[in-house]
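Report on the structure given below.
Protein chains get the first letters and strands the later ones, always in sequence-line order, with residue 1 at the start of each. Keep in mind that this is a model prediction, so the values were computed, not measured.
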Amino acid sequence: MNPIPHYQAITSSPIGLLGLIMEGDALYSIDFLADDVEPLAAEDRSTIQVVSQLQHYFRQADWCFSLPLKPVGTPFQLSVWQQLQQIPVGEVRTYGEIAKVLKSGPRAVGNACRKNPLPVIVPCHRVVAASGPGGYAGQTQGRNMTIKGWLLAHEGVTI
DNA sequence: TTAGGTAGTCTCG
DNA sequence: CGAGACTACCTAA
């Protein structure tokens, strides 16, 4: 039962429409939207910047985002999301590897990845299971896994 | 292949 | 608050 999100921009991309929510000048959340909604042009400067960097990434995977981010979560979730941002483009880590660094457990890491509010930019798609692809955006199969596969292929990773 | 272990979060009451 | 259930998992046998 979420309040209806108010997007500052809805932009199209190779993985479908992305809805952006800002909090001040920082990026607060990215949603994968169904393709039957109207695109919405970014108006303020910081939102334009986000859209621009996303488009750049989709054109050229080897691109480091430089954006003010404002992910909201528990201290543990924040520490996991911070680890994700240290994974270089074209590499992957397993849930267990992240867990080891944080002295935690693989399932807990999976839980935190599932709650990542900034997919694509906080690269939770670069985390896979020791045996298998893991999940994405709460799904272990379906459209979101297709997106995960696309992102990894885009970065030159072969699952 | 599965059984059991594990860590963090959520949901009731 | 507390117990129990629910995971985008992992390891040993």
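- Counting non-hydrogen atoms under 4.0 angstrom, A:Ala137 reaches a base of the nucleic acid.
- With a 6.0 Å radius and a threshold of 12 heavy atoms from other residues, nucleotides or ligands, A:Gln60 has its CD atom above the threshold.
- Computed from coordinates, the A:Ile147 CD1 to C:dA8 C1' distance equals 14 Å when rounded to whole Å.
- Looking at heavy-atom distances under 4.0 Å, A:Gly135 makes contact with a base.
- Partner of A:Gln83 under the side-chain contact (heavy atoms from CB on, under 4.5 Å) criterion, out of A:Val127, A:Val122, A:Val101: A:Val101 alone.
- The aromatic rings of A:His125 and A:Tyr136 sit perpendicular, their planes meeting at an angle over 60°, well past the 30° parallel limit.
- Of all nucleotides in DNA chain B having an atom under 4.0 Å from a heavy atom of chain A, the first and last in 5' to 3' order are B:dG5 to B:dC10.
- Between A:Ala112 and A:Trp81, the shortest heavy-atom distance links the atoms O-NE1, 2.9 Å.
- The shortest distance between side-chain heavy atoms of A:Cys113 and A:Tyr95 falls below 4.5 Å.
- By the neighbour-count criterion of 12 heavy atoms within 6.0 Å, atom CD of A:Gln82 is sparsely surrounded, having that number or fewer from other residues, nucleotides or ligands.
- Between A:Asn116 atom CG and C:dT7 atom C1' there is a gap of 16 Å when expressed in whole angstrom units.
- Among the nucleotides C:dC10, C:dA8, C:dT7, the one closest to the side chain of A:Thr140 is C:dA8.
- Within the nucleic acid shown, A:Gly132 has no heavy atom closer than 4.0 Å to any nucleic acid atom.
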Watson-Crick or G-U pairs under 3.5 Å in DNA chain C, rendered as dot-bracket with [ ] for crossing pairs and | for another strand:
|||||||.|||||
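- For the P atoms, the distance from B:dG4 to C:dA8 is 22 Å, rounded to whole Å.
- With values rounded to the nearest 0.5 angstrom, A:Cys124 atom SG is found 12.0 Å from A:Arg114 atom CZ.
- For the pair A:Tyr136 OH and C:dT7 C1', the interatomic distance rounds to 18 Å; values are reported in whole Å.
- Ring planes of A:His154 and A:Trp150: parallel class, angle under 30° (limits at 30 and 60°).
- Rounded to an integer number of Å, the gap from A:Leu84 CG to C:dA8 C1' is 12 Å.
- If you check distances only, the side chain of A:Tyr95 does reach the base of C:dA8 with a donor-acceptor pair under 3.5 Å.
- Between A:Arg107 atom CZ and C:dC10 atom C1' there is a gap of 9 Å when expressed in whole angstrom units.
- Rounding to whole angstrom units, CH2 of residue A:Trp81 and C1' of C:dA8 are separated by 14 Å.
- The shortest distance between side-chain heavy atoms of A:Ile21 and A:Tyr7 falls below 4.5 Å.
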